[in-house]
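Structure, as structure tokens:
Start at 1 and go down the list; that is how both ligands and their atoms are numbered.
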Amino acid sequence: MAAVIQLEKLTKTYGSRRGLVELSLDIEGGEVFGYLGPNGAGKSTTIRLLLDLIRPTSGRATVLGLDPRADGVTLRRQVGYLPGDFTVDGQQRVDECLTFLANLRGGVPRPRITELMTRLGLEPGARIRSLSKGNRQKVGLVQAFMHEPNLLILDEPTSGLDPLVQQEFLRLVTEARAGGQTVFMSSHIMGEVEAVADRVGIIREGRLITVDTVARLRERSVRKVRLTLREPADEAAFRGLPGVEDLTVRGNEVRCTIAGSPDPLVKAAARHTVTDLLCEEPDLEELFFDYYSAAGQEGRNRATA
Ligand SMILES: Nc1ncnc2c1ncn2[C@@H]1O[C@H](COP(=O)(O)OP(=O)(O)OP(=O)(O)O)[C@@H](O)[C@H]1O
């Protein structure tokens, strides 16, 4: 399937401030892409550029084959957008607000809106201004999903949602993908992205530092290993093995981290009788911090050199 989002050296500066630096990325049709980074990394800047809410300093964005600047109206009809700071008229009731937004999009079947409100636990008659942050976010989600757009662009979609509603949101994303919709969602929460994303992009200080599948990111990451041997272990047999760091040997127990292939460690261990082996896969959370820490970066460089 053709790329739904194509970014070529997309750059945005705010005066002398860095927003985004030469970001190139293709998002394929039908994929769920998790866009991860800490506060200020450039996630919202990227998203605003996709929708022509701000203009690039240089580089190009193509969305659904369209130029966001020249074809803004056509593009918006095909996109469900949840901004990071979703705000609507506080005087309106939830159902009035959603009907208004549905009409702007040429109409949405009433049962679809009702279904989404029910699934997310939204009270149709409540005034927007009386809603908590989380409930306002639900209104934002309903308006993004309700017209079943080809492309969903969601900026921090689970912000303020309780865990049960987060689960329901993830189901909505899974259903969207099953229906052939493409989802681009930003987050700094690993768990939600890990659960639904096909690929993950990690952005730091305006630069895309890696793009990969969740499975491959895990493979490339550092794992914690604990080996128990029948006899007391000889530290020299494990020290200096490629990718092995943080080695501690106490009696029969060997603990370390391993980056890249575990093969050298397995072969060193195989010279002994191994009575127990524990290898902890990092969750995306650890992986993320590993990517952010200079130490993690150096460790990987050594392991892959
Ligand atoms: N209107 C603006 N004027 C000046 N600088 C800005 C503006 N908008 C964003 N920036 C700067 O651009 C950088 C990227 O900001 P952006 O909002 O895109 O980050 P983010 O990854 O979405 O962060 P968050 O998770 O906090 O929303 C930050 O350094 C920010 O201070």
Side-chain angles (χ1 to χ4, degrees), residues 5-25 27 32-63 68-69 72 79-88 132-134 136-141 143-144 151-162 165-166 169-170 173 182-197 199-212 214 217 284-294 296-297:
I5 297 175
Q6 267 183 309
L7 308 179
E8 291 166 56
K9 294 194 166 187
L10 198 62
T11 299
K12 176 71 185 174
T13 51
Y14 298 99
S16 60
R17 288 181 75 105
R18 170 282 298 160
L20 205 60
V21 187
E22 298 204 340
L23 188 132
S24 296
L25 176 67
I27 307 295
V32 175
F33 189 87
Y35 195 46
L36 295 175
N39 294 134
K43 303 181 296 293
S44 300
T45 297
T46 311
I47 285 177
R48 290 193 190 115
L49 288 166
L50 295 178
L51 293 154
D52 193 42
L53 299 172
I54 51 173
R55 303 246 152 104
T57 307
S58 61
R60 209 155 73 109
T62 310
V63 183
R69 183 168 187 179
V79 173
Y81 170 49
L82 174 70
D85 53 351
F86 178 72
T87 42
V88 274
S132 65
K133 182 179 180 312
R136 276 182 210 212
Q137 185 76 351
K138 293 178 193 175
V139 178
L141 286 172
Q143 63 80 38
L151 172 62
L152 281 147
I153 298 180
L154 310 172
D155 197 351
E156 306 265 353
T158 59
S159 157
L161 300 182
D162 67 46
V165 182
Q166 283 185 23
F169 161 75
L170 295 179
V173 171
T182 306
V183 183
F184 183 92
M185 57 184 265
S186 78
S187 181
H188 55 265
I189 304 167
M190 303 309 111
E192 67 186 27
V193 167
E194 187 171 14
V196 288
R199 286 192 305 154
V200 168
I202 298 180
I203 179 171
R204 176 177 64 182
E205 294 172 6
R207 292 172 197 273
L208 191 64
I209 55 171
T210 194
V211 179
D212 219 329
V214 172
L217 279 176
L284 210 46
E285 199 90 33
E286 283 173 296
L287 203 70
F288 187 58
F289 285 112
D290 187 47
Y291 265 99
Y292 278 90
S293 75
Q297 190 63 52

Over all atoms of both residues, closest heavy-atom pair of Thr11 and Glu22: OG1-N, 2.9 Å
Atom CZ of Arg207 with >12 non-hydrogen neighbours under 6.0 angstrom: no
Lys138: salt bridge (charged side-chain N to carboxylate O under 4.0 Å, His left out) partners, not counting sequence neighbours: none
Neighbour list for ligand 1 [protein residues, heavy atom under 4.0 Å]: Tyr14, Arg17, Arg18, Gly19, Pro38, Asn39, Gly40, Ala41, Gly42, Lys43, Ser44, Thr45, Glu156
Contacts of type salt bridge (charged side-chain N to carboxylate O under 4.0 Å, His left out), residue Arg55, not counting sequence neighbours: Asp52
side-chain hydrogen bond (donor to acceptor under 3.5 Å, both in side chains) evaluation trace for Ser187 with Tyr35: CA-CA 6 Å; Ser187 181; Tyr35 195 46; over 6 Å; no
Identify each donor-acceptor pair in which a side-chain atom of residues 56-63 lies under 3.5 Å from a protein atom, sequence neighbours left out, and give them as a table.
unit_1, atom_1, unit_2, atom_2, d
Thr57, OG1, Thr13, N, 2.8
Thr57, OG1, Thr13, OG1, 3.4
Arg60, NH2, Glu8, OE2, 3.4

